Amino acid sequence: SVQGQAGWGSEQPGLVEDFNSFVTRTNTCGELRSAHVGQKVTLYGWVQYQRQGLFLVLRDFQGLTQIIIPQDEAHSHVKELLSNAPVESVVRVTGIVSSRPLGQENPKMPTGDIEVKAETAEILNSCKKLPFEIKDFIKKSEALRMQYRYLDLRSFRLQSNLRLRSQMVMRMREYLCNLHGFVDVETPTLFKRTPGGAKEFLVPSREAGKFYSLPQSPQQFKQLLMVGGLDRYFQVARCYRDEGSRPDRQPEFTQIDIEMSFVDRAGIQRLIEGLLQHSWPEERALIMTPFPSMTYEEALAEYGTDKPDTRFGMKIMDIGDVLRGSDIHFVQNALSYPHGSIKAICIPQGVVSDEIMQIICRPDGRLKSLLTKFLGEKEQSELIRALNMQEDDVVLLAAGEHKQCSALGALRLFSASLLEAAGLALRDPTAFHFLWVVDFPLFLPKAKNPTELESAHHPFTAPHPSDASLLYSDPTKVRSQHYDLVLNGNEVGGGSIRIHSAEQQRFVLEKVLKEDSEVLSHLIEALEFGAPPHGGIALGLDRLISLIVDAPSIRDVIAFPKSFRGRDLMGSAPDYVTPEELEPYHIQVSWPLEEKEAKKN
């Protein structure tokens, strides 16, 4: 048989993938070509469709092959068997590869120049009535797809997504372990509660009142591996977060987890850029390195978010100086505050969208708005020049002291969606714009209690060397050595240089965050035994793959995802357990009244 050609997913250059080793087929349904004409082959697959007892299309993971059903009396049993095989039944077919009749070739199918004339066949498993058709273009509810995930997995789209994911992970392993000496280490899943950060799942133990926690990341373990002298660690890590009902989040997810000793931010950035270039699918647009970088403050000021989509412009502009002399009341009111400002975005061709109306640039260069009566000719001209306004552009203004940038950032993205819905091309769906965001604050005020601080990243992040002294005098002004990797407006990775001083780690936990450092006594003690300077990063594999394949949800790149409420609709998990099963864990369930009644009935 002719083996599949080596692709970018092959483990080593020059190797040929043999999809027919160890199995009883001679070929897959996607590999037969004109070169195979005259060969006797055995194929296995699912019945994609069958037409009037004349032919059927057989499908497997690699593609489709047209099978000609024999019409002669000698093969009547084969005709009867294949003509009556329900769609999605599993069959074995043995026959001769033939060229398709002239004019009947199908250039849309890789196997479209040939067909297999069946000689023998066997129904290995018949398929009952399907809950939905196994075709990518057929609309079906996500709940139904997840309930019958094993059927949904047969679709070309999910097959392609999962295979691309597998190939990228293999290339990442190759780059890290074979080329750069990283050690793949599996860290524990059962651990203990970590202060701060996302909520963790609890796992009961047989010791009364004691629980394990499922780690939200291997953060502590990878730092301890550096203390242990492993130098370079890597893991395709399973992580868990009990975040409740959040759209496009999963309670369990996968990270490419990395940690290195004796490294700085620039070293981590070069590593990740090389890793992504090495593993990047050849059929996708090339990515150029080094990736551009901007500070957290620049990102907020220009894009209103710490994860900017840089595929299009519409940057936020400060126009306070332009409008300072205007008679607009809310403008003057905003500028009277100590940190007051007037920000704006200019939406190109924004007039095509009825949903957005503020200041419009007319063909004659004059402005149309409820605000223009408060603006003189000079101010209008300065505004047009400052924002580089063109005909039919629309300007949105925001005035205030703090949050106008984030509001304009959200409007910027919303406006882009409206313009694209109206037919204007702004964001190239085939382009991949990576961006490093750096110099985050080390601490942020807590949303529910602004007088208290929480870690902007996590409590193990080291302060910026230039701001180290401020940690003890004014921690709110300390920048961190935290860095995020952003792709097309989505955070796909985050990491930091870590605190490797036990004294500094204890101070951050106890004095700044007001956390009980005893919970992390094992880590703090480890830092006292000659811990090397170290840092790392974690890439969100699910999010990264979903962006590469342009999937509408990360659930489309995970084999068995949970629903957005965190449920497994296929296996009905989580599920009830009996009081007898709970007894060894010293747990009793206190049922809400309505659930008690429901269980009785």
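Nothing here was measured: the structure is a model prediction, and the numbers come from that model.
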*Asks:* Do Tyr44 and Thr24 get their side chains close enough for a donor-acceptor pair, meaning under 3.5 Å?
*Replies:*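 Short answer, yes.
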*Asks:* Compute both the distance and the angle, then confirm whether Arg206 meets the cation-pi test with Tyr585: under 6.0 Å from the six-membered ring centre, within 45 degrees of the axis.
*Replies:*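 Yes - Arg206 lies over the ring of Tyr585, closer than 6.0 Å to its centre and within 45° of its axis.
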*Asks:* Does any non-hydrogen side-chain atom of Pro475 lie less than 4.5 Å from one of Val508?
*Replies:*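 They are not in side-chain contact.
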*Asks:* With under 30° as parallel and over 60° as perpendicular, where do the rings of Phe507 and Tyr472 fit, or are they tilted in between?
*Replies:*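 Rings of Phe507 and Tyr472: tilted, as their planes differ by 30° to 60°.
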*Asks:* Less than 4.0 Å between a side-chain N and a carboxylate O, is that true for Arg506 and Glu503?
*Replies:*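 No, no charged N to carboxylate O under 4.0 Å.
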*Asks:* Quick check: are there more than 12 heavy atoms from other residues, nucleotides or ligands sitting under 6.0 Å from CD of Glu452?
*Replies:*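 Counting neighbours around CD of Glu452, more than 12 heavy atoms of other residues, nucleotides or ligands fall under 6.0 Å, so yes.
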*Asks:* How are the rings of Phe132 and Tyr148 set relative to one another: parallel (under 30°), tilted (30 to 60°) or perpendicular (over 60°)?
*Replies:*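 Phe132 and Tyr148: perpendicular rings.
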*Asks:* Salt bridge check, Lys192 against Glu200: does any charged N sit closer than 4.0 Å to a carboxylate O?
*Replies:*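 Between Lys192 and Glu200 there is no salt bridge, as every charged N stays at least 4.0 Å from the carboxylate O atoms.
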*Asks:* Should Lys448 and Glu454 count as an ion pair when the cut-off is N to O under 4.0 Å?
*Replies:*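 Salt bridge flag = no for Glu454 with Lys448.
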*Asks:* Establish, yes or no, whether a centroid distance under 6.0 Å links the rings of Phe182 and His180.
*Replies:*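 No, ring centres 6.0 Å or more apart.
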*Asks:* Is any side-chain N of the basic residue among Arg157 and Asp556 closer than 4.0 Å to the acidic one's carboxylate O?
*Replies:*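 Salt bridge between Arg157 and Asp556, a charged N being under 4.0 Å from a carboxylate O: yes.
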*Asks:* Please identify which of these residues, Arg498, His534, His500, Glu259, meets the side chain to side chain donor-acceptor pair (under 3.5 Å) condition with Gln223.
*Replies:*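 The residue from Arg498, His534, His500, Glu259 that satisfies side chain to side chain donor-acceptor pair (under 3.5 Å) with Gln223 turns out to be His534.
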